[in-house]
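For reference, the structure discussed in these notes is given below.
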Amino acid sequence: MSTQHAEAASYDVRAIQDKWRAVWDELRPFDADGSDPSRERRYALTMFPYPSGDLHMGHGEVFALHDVLARYWRLKGYDVLNPIGWDSFGLPAENAAIKRNENPATFTYDNIETQAESIRRYGVSFDWTRRLHTSDPEYYRWTQWLFLKMFERGLAYRKASYANWCPNDQTVLANEQVVQGVCERCGAVVTKRELTQWYFKITDYAQRLLDDMEQLEGAWPERVLTMQRNWIGRSEGAWVDFAVAGRDEPIRVFTTRPDTLYGATFMVVAPDAKLAAELVSDEQRGDFDAYLERTKQATEIERQSTERPKTGVFLGVHATNPLTGESMPVWAADYVLADYGSGAVMAVPAHDQRDLDFARTYDLPVRRVVDVPGEENPEETGVATSGDGAYVNSPALEGIADKVEGIASIIEKLSADGVGEGTINFRLRDWLLSRQRYWGCPIPIVHCPDCGEVAVPDDQLPVELPYLTGADLAPKGTSPLAAATDWVRTTCPSCGGDASRDTDTMDTFVDSSWYFLRYCSPGYTGGAFDPAEVKHWMPVDMYVGGVEHAILHLLYSRFFTKALHDMGLVSFVEPFTALMNQGQVINQGKAMSKSLGNGIDLGQQIEEFGVDSVRLTLVFAGPPEDDIDWADVSPAGASKFLQRAWRISHEVASEPGVDAASGDVALRRVTHKTVAECEHLYDSKRFNVVVARVMELVNATRKAIDSGAGAADPAVREASEVTAMLLSTVAPYVAEEMWAELGHAPSVSQQAWPTVDPALLVDDTVTCVVQVKGKVRGKLEVPPSISDEELEALALAEPNVARHLEGAEIRKVIIRAPKLVNIVV
RNA sequence: GCCGGGUUGGCGGAAUGGUAGACGCGGUGGUCUCAAACACCACUGUCCGAAAGGAUGUGCGGGUUCGAGUCCCGCACCCGGCACCA
């Protein structure tokens with residue numbers, strides 16, 4: 001037999017890729033059906049790509065992992081929706097267009113065609129009939145429609161505020177797009193600009209975004225839920241009003257420690273909050289203006305640094321402590337943030353480190369009101385205390401030594417006096433959605449001198465982008481659309497007078513906040529989506545994508561879904577019932593980068609090893625969420641295995657349709673156990689282990705052919721057919737080829753999941769481990785039905801066990817028939 | 001600082017509280033070959049031993065249990081998130 005192997009048969013990787021691709025195009029086995037409402041459905045979704053150049057390794061991994069599940073679900077008989085599209089608005093296309101003196105559509109749609117071709121070659125089982133691009137007017141018409149729905153309900157509004165500004169991209173950014181003070185996209189240091197911008201009122205949904213995470217617990221990665229919780233930043237406390245002499249409005253502050261109110265010795269207001277400018281006295285105005293100017297110059301990085309010494313300026317006014325009636329100086333300092341809480345705080349230097357640092361810098365009084373056991377007086381040590389302890393200098397809290405109780409008690413007192421109330425504050429800010437760039441969805445609003453902000457009527461949507469090219473797109477700090485004067489000039493839909501269009505475009509995250517709904521009915525013209533189709537397909541059963549969207553896209557999509565729910569447009573409140581974050585593909589311990597020269601090109605790997613081998617390599621490397629170091633894996637090994645698997649199908653010597661029941665029982669047991677176990681493994685997303693089980697099946701089949709039942713045994717055919725089916729989820733081309741070798745008509749991906757014979761899951765004999773004092777001293781081959789008594793007798797008779805029992809007294813025998821006996825001496 | 005996740009051979013990784021290291025990579029030896037490649041077979045945690053067998057072993061220290069990689073307590077280190085958020 002070894003002579004045969006010396007010229008081992010093999011399949012032509014490239015030929016079968018071309019062959020089966022054509023067959024799939026003809027058969028369309030991956031289009032979602034939807035015609036039978038009683039058939040159970042599954043929605044598999046992968047984060048749609050941005051059309052930058054060709055696919056890279058990261059795409060290769062997401063598509064491979066997500067397709068395993070889609071294909072498994074199809075084998076299980078579900079009607080599977082597995083759509084693909086492009087997130088095709090965005091800056092890279094615009095920057096390329098400026099450089100090449102083109103319109104961004106050229107770059108965008110060229111890249112989309114390149115990627116589409118690569119994805120087809122990659123054999124992903126997408127339903128291409130539902131393909132969409134967010135930059136198509138037929139798509140963004142509905143993005144505008146949804147914006148207007150938000151506008152109608154007051155969820156989209158315009159306000160003047162200090163916004164994050166990226167000096168490189170020349171546009172404002174949402175908070176979510178500023179990471180540690182730099183632009184999430186380009187890395188430029190972000191500054192602040194006062195601008196009037198559009199916002200979505202995501203803060204209205206803060207509590208629900210938090211509460212509904214309960215539904216996602218266990219189905220979303222814990223770290224993503226944690227990130228969202230951190231980002232939303234719920235904080236319980238109270239607001240407290242401090243009266244100011246000569247002013248009607250009090251200074252309102254948010255505090256989580258109202259119980260330390262007796263320790264408040266001064267107030268601090270954010271310099272860039274309106275309140276500061278209102279409060280400042282004439283004598284202090286010069287100093288304040290200078291300080292405010294310095295604050296504005298500071299970058300987000302500088303502003304957020306905790307290392308920086310505290311600075312501030314006295315505002316020349318005093319506020320009154322509502323509990324003690326004491327007069328407290330009011331300062332402005334940039335350690336207080338304008339857009340959190342009310343932009344003002346009561347400073348309790350003894351029990352807040354920041355306040356203490358400030359107090360020591362400007363020689364302000366420190367008064368301890370909580371005596372924390374084992375901790376020194378903060379005034380002397382310079383270390384603020386925040387723990388529980390007996391309240392001191394706090395008449396209203398006498399006898400209380402518990403923080404929770406103290407807080408409740410003070411809130412009650414403040415409420416009774418009408419100067420405070422318990423409240424909840426969030427870190428989450430409203431979503432700034434305007435962008436001063438061209439290649440995005442125009443905001444469908446007309447500004448009328450008489451009527452104000454007027455929605456563009458439905459029948460006039462979409463508001464299409466004017467065709468601009470090259471230098472006309474160059475960032476100037478204002479939207480390029482403003483330069484298209486003919487486009488801007490329009491009439492007011494309300495009064496018919498002269499008016500102008502809004503010249504900003506939307507953040508591209510708006511486009512992607514609802515695309516999963518559009519997939520359900522991509523051609524629908526009666527609205528953004530057909531409610532009946534959405535009801536049928538949504539919510540998404542598995543969403544696969546990178547963790548970098550943990551708080552951007554995923555939070556926004558959750559918000560959109562809830563808003564649409566409240567509008568009565570969808571029946572569910574969470575769009576993605578399960579989420580999987582694939583790891584990164586790295587090389588030699590480091591992220592791939594041009595500067596390191598360690599990049600691995602997906603296309604090149606496919607050229608060398610073929611699609612199936614690359615996909616198998618990515619799936620087999622480890623758990624889906626773990627990073628893959630390309631230096632640790634072996635696409636050549638994957639190739640070898642696939643050839644081995646195929647060769648078996650080539651050697652099978654029985655006819656299709658032969659009854660497996662007469663086949664070799666030992667091999668049949670392996671086959672049926674593999675099917676049963678893989679089902680469980682797929683369901684728990686352990687695809688790497690699925691591959692390992694299929695490898696074991698192939699090994700067992702090889703052995704049966706070479707030194708057992710032989711290639712003509714029906715069990716060998718059964719094993720090979722199961723191998724082809726399981727393999728079709730990971731390596732679709734070779735699986736089809738095997739299926740054809742086995743004499744079947746395509747497509748293997750449309751076959752029904754094999755039926756497991758429960759009788760074959762039980763072995764004739766099982767290995768029983770015999771332990772003495774918990775250590776393995778012998779093994780027995782016993783029938784699975786063996787009784788405890790029989791097993792104990794056999795165990796005690798085992799020679800090596802008997803040797804270890806010599807001279808010892810048996811105290812207890814634990815029997816877990818038929819697998820284990822533990823003898824305690 | 002707060003929150004979340006992790007730590008298993010040379011490497012990637014398997015293990016409903018019951019044989020730790022499945023499967024693969026790499027390595028060693030062999031079959032085939034004039035030779036090589038391909039393929040196939042065997043071995044491969046560490047230490048002692050010719051073998052039988054024994055000792056030891058899942059980041060560290062304790063605990064629960066007949067039995068712990070798995071459960072509980074404490075600690076170290078690594079990765080990720082948030083952080084002048086009052």
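So that the names make sense, note that chain A is the first sequence line, chain B the second, and so on, each numbered from 1.
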Using atom names, set out every protein N or O paired with an N or O of nucleotides 13-15 of chain B below 3.5 Å, distance rounded to 0.1 Å.
{"from": "G13(B)", "atom 1": "O3'", "to": "N688(A)", "atom 2": "ND2", "distance (Å)": "3.3"}
{"from": "A14(B)", "atom 1": "OP1", "to": "N688(A)", "atom 2": "ND2", "distance (Å)": "3.2"}
{"from": "A15(B)", "atom 1": "OP1", "to": "R686(A)", "atom 2": "NE", "distance (Å)": "3.3"}
{"from": "A15(B)", "atom 1": "OP1", "to": "R686(A)", "atom 2": "NH2", "distance (Å)": "2.5"}

Heteroatom pairs (N/O) under 3.5 angstrom, protein to nucleotides 78-82 of chain B:
{"from": "G81(B)", "atom 1": "N2", "to": "N230(A)", "atom 2": "ND2", "distance (Å)": "3.4"}
{"from": "G81(B)", "atom 1": "N3", "to": "N230(A)", "atom 2": "ND2", "distance (Å)": "3.4"}
{"from": "C82(B)", "atom 1": "O3'", "to": "R427(A)", "atom 2": "NH1", "distance (Å)": "3.2"}

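Side-chain nitrogen and oxygen atoms of N699(A) include none within less than 4.0 Å of the OP1 or OP2 phosphate oxygen of A22(B). OP1 or OP2 of A55(B) lies within a sub-4.0 Å distance of a side-chain N or O belonging to R777(A). OP1 or OP2 of U16(B) has not a single side-chain nitrogen or oxygen of H680(A) nearer than 4.0 Å.
Sorted by first then second residue, the salt bridge (charged side-chain N to carboxylate O under 4.0 Å, His left out) pairs that include residues 632-643 of chain A, not counting sequence neighbours, number zero.
Residue-level contact check: V776(A) touches the backbone only, with heavy atoms under 4.0 Å from sugar-phosphate atoms and none from bases. Note on R234(A): nothing from the nucleic acid sits closer than 4.0 angstrom, heavy atoms only. Using a 4.0 Å heavy-atom cutoff across all strands shown, V224(A) reaches no nucleic acid atom at all. Base contact: R308(A) has a heavy atom under 4.0 Å from a base atom. Residue K775(A) is classed as a sugar-phosphate contact, given heavy-atom separations below 4.0 Å to backbone atoms only. Counting non-hydrogen atoms under 4.0 angstrom, N425(A) reaches nothing in the nucleic acid. Using a 4.0 Å heavy-atom cutoff across all strands shown, N800(A) reaches sugar-phosphate atoms only and no base atom. Within the nucleic acid shown, H351(A) has no heavy atom closer than 4.0 Å to any nucleic acid atom.
In this structure, NZ of K819(A) is placed 16 Å from C1' of G67(B), rounded to the nearest angstrom. For the pair D706(A) CG and A42(B) P, the interatomic distance rounds to 10 Å; values are reported in whole Å. Rounding to whole angstrom units, CG of residue L210(A) and C1' of C3(B) are separated by 13 Å.
Along RNA chain B, the nucleotide nearest to V769(A) and the one nearest to T256(A) differ in position, and the one closer to the 5' end is contacted by V769(A). Two residues, G233(A) and E696(A), neighbour RNA chain B, and the one matched to the more 5' nucleotide by heavy-atom proximity is E696(A).
Straight-line distance between the P atoms of C79(B) and U16(B): roughly 29 Å, to the nearest whole Å. Only the P atoms considered, G45(B) is 10 Å distant from G10(B), to the nearest whole Å. Nucleotides A37(B) and G27(B) have their P atoms positioned 12 Å apart, rounded to a whole Å. On the C1' atoms, G54(B) is 9 Å away from G49(B), given to the nearest whole Å. Of the C1' atoms belonging to U8(B) and G4(B), the separation is 22 Å, rounded to the nearest Å. Straight-line distance between the C1' atoms of A42(B) and C60(B): roughly 39 Å, to the nearest whole Å. A distance of about 30 Å separates the P atoms of G1(B) and G12(B), rounded to the whole Å. C23(B) and G29(B) are spaced 22 Å apart, taking the C1' atom of each and rounding to whole Å.
Summarising the geometry of P349(A) relative to A384(A), their closest heavy-atom pair is O-CB, 3.9 Å, with the distance given to 0.1 Å.
N800(A) pairs by the side chain to side chain contact (heavy atoms under 4.5 Å, CB included) definition with R777(A), E798(A), R803(A), H804(A), not counting sequence neighbours. Residues satisfying the salt bridge (charged side-chain N to carboxylate O under 4.0 Å, His left out) test with D612(A), not counting sequence neighbours, are none. With sequence neighbours left out, Y362(A) forms a ring-ring contact (aromatic ring centres under 6.0 Å, His included) with W331(A), F358(A). The salt bridge (charged side-chain N to carboxylate O under 4.0 Å, His left out) test applied to E792(A) returns no partner, not counting sequence neighbours. Residues passing the salt bridge (charged side-chain N to carboxylate O under 4.0 Å, His left out) test with R234(A), sequence neighbours excluded: E236(A). In this structure, the salt bridge (charged side-chain N to carboxylate O under 4.0 Å, His left out) partners of E696(A), at least two apart in sequence or on a different chain, are R693(A).
Across all strands shown, G63(B) is found opposite C71(B) as a Watson-Crick or G-U wobble partner, with both distances under 3.5 Å. Taking a pair to require two hydrogen-bonding distances under 3.5 Å in either a Watson-Crick or a G-U wobble arrangement, U58(B) remains unpaired. Of all nucleotides present, none satisfies the Watson-Crick or G-U wobble test against A51(B) with each distance under 3.5 Å. For C23(B), the paired nucleotide is G12(B), the pair qualifying as Watson-Crick or G-U wobble because both relevant distances are below 3.5 Å. Figure legend. G17(B) is base-paired to no nucleotide; pairs are counted as Watson-Crick or G-U wobble with both atom distances under 3.5 Å. Base-pair partner of G80(B): C3(B) (Watson-Crick or G-U wobble, both distances under 3.5 Å). Across all strands shown, U28(B) forms a Watson-Crick or G-U wobble pair, both distances under 3.5 Å, with A42(B). Under the Watson-Crick or G-U wobble criterion, with both distances below 3.5 Å, A36(B) has no partner in any strand shown.
Base orientation of G69(B): anti, the glycosidic angle falling outside 90° of 0.
Between the side chains of Y556(A) and E176(A), at least one donor N or O lies within less than 3.5 Å of an accepting N or O.
Sparse packing is recorded around CZ of R14(A), with 12 or fewer heavy atoms of other residues, nucleotides or ligands lying under 6.0 Å away. By the 6.0 Å contact criterion, NZ on K819(A) is open, its count of non-hydrogen atoms from other residues, nucleotides or ligands being 12 or less.
Side chains of I810(A) and V824(A) form no contact here, defined as non-hydrogen atoms less than 4.5 Å apart. At a threshold of 4.5 Å between non-hydrogen side-chain atoms, the residues C183(A) and L173(A) count as touching.
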Name each donor-acceptor pair under 3.5 Å that joins a side chain in residues 259-271 of chain A to protein atoms two or more places apart or in another chain, with its distance.
{"from": "D259(A)", "atom 1": "OD1", "to": "R257(A)", "atom 2": "NE", "distance (Å)": "2.9"}
{"from": "D259(A)", "atom 1": "OD2", "to": "R257(A)", "atom 2": "NE", "distance (Å)": "3.4"}
{"from": "D259(A)", "atom 1": "OD2", "to": "R257(A)", "atom 2": "NH2", "distance (Å)": "3.0"}
{"from": "D259(A)", "atom 1": "OD2", "to": "Y391(A)", "atom 2": "OH", "distance (Å)": "2.4"}
{"from": "T260(A)", "atom 1": "OG1", "to": "R257(A)", "atom 2": "O", "distance (Å)": "2.8"}
{"from": "Y262(A)", "atom 1": "OH", "to": "A396(A)", "atom 2": "N", "distance (Å)": "3.2"}
{"from": "T265(A)", "atom 1": "OG1", "to": "P365(A)", "atom 2": "O", "distance (Å)": "2.8"}

Could you go through residues 768-776 of chain A and list every donor-acceptor pair under 3.5 Å that involves a side-chain atom there, pairing it with any protein atom two or more places apart or in another chain?
none

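When the nucleotides A39(B), C84(B), U19(B) are ranked by their closest atom to the side chain of Y335(A), C84(B) comes out on top. Of the candidates A39(B), U19(B), A86(B), U19(B) carries the atom nearest the T767(A) side chain, counting heavy atoms from C-beta on.
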| Base, backbone or nothing for each nucleotide of nucleotides 61-66 of chain B, written B, S, -, heavy atoms under 4.0 angstrom, 5' to 3'? | -----B
